[in-house]
Amino acid sequence: MKKKIIYIDMDGVISDFSKAKSEHLLSKQSPYKGRPDRIPNIYRDLEPIKDAIESVNKIINNESFELFFLSTPPWDNPDAWMHKRIWIEKYFGKKARHKLILSARKDLNIGDFLIDDSKYRGQPNFQGEWLEFGSERFPNWEAVLSYLKID
Ligand SMILES: [Mg+2]
């Protein structure tokens, strides 16, 4: 059986950038006010979103799916590109090797599902199904797994 390709966004879906942003001392200071994505090392120690690690592991361990992480790192914070790679290994270990894709055009990736909370990086034009994380239909990981028929 052909595996279904599933892409998982990072910030707002598995890593809690929003919480780090609101709690970070530099986020209200110049030059980071309004540009929290430029705060040094902010992407390195993000807390996981509720149920995200367990849910992603369930997908990884499911024979019907092949999973990739598909994230748009901030162009003006090159360290964040590295920190995303480190974050993925921290939570998913060696099995995440070669599974991280960094792109600002998510519609260009071919696949069956995209789990993403944003619509500004090509998500609405993704050729497979875009599951808008945080929306009324997919408010959390429980709803996503239920839709994918994974338990
Ligand atoms: Mg996101």
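Counting begins at 1 with the first residue of the sequence. Whatever order the structure lists ligands and atoms in, that order sets their numbers, starting from 1.
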With the Mg ion (ligand 1) as the point of reference, which N/O/S atom of [X] is the closest?
{"X": "D9", "value": "OD2"}
{"X": "D11", "value": "O"}
{"X": "D117", "value": "OD1"}

| task | Please determine if D9 and K106 form a salt bridge, counting it only when a charged side-chain N lies under 4.0 Å from a carboxylate O. | result |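 Counted as a salt bridge, because a side-chain N and a carboxylate O are separated by less than 4.0 Å.
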
| message | Regarding E66 and K4, does a basic nitrogen lie under 4.0 Å from an acidic carboxylate oxygen? | response |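 No, this pair does not count.
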
| query | Looking at F65, does the NZ or CZ of K3 lie under 6.0 angstrom from its six-membered ring centre and within 45 degrees of the ring axis? | reply |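 Judged by the rule (NZ or CZ under 6.0 Å from the ring centre, within 45° of its axis), K3 is not positioned above F65.
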
| field | Stepwise side chain to side chain contact (heavy atoms under 4.5 Å, CB included) test for I115 and V13 | value | CA-CA 8 Å; I115 319 291; V13 176; 4.0 Å; yes

| message | Between D116 and the Mg ion (ligand 1), is there a contact where an N/O/S atom of the residue lies under 2.8 Å from the metal? | response |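 Not a single backbone or side-chain N, O or S atom of D116 is under 2.8 Å from the Mg ion (ligand 1).
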
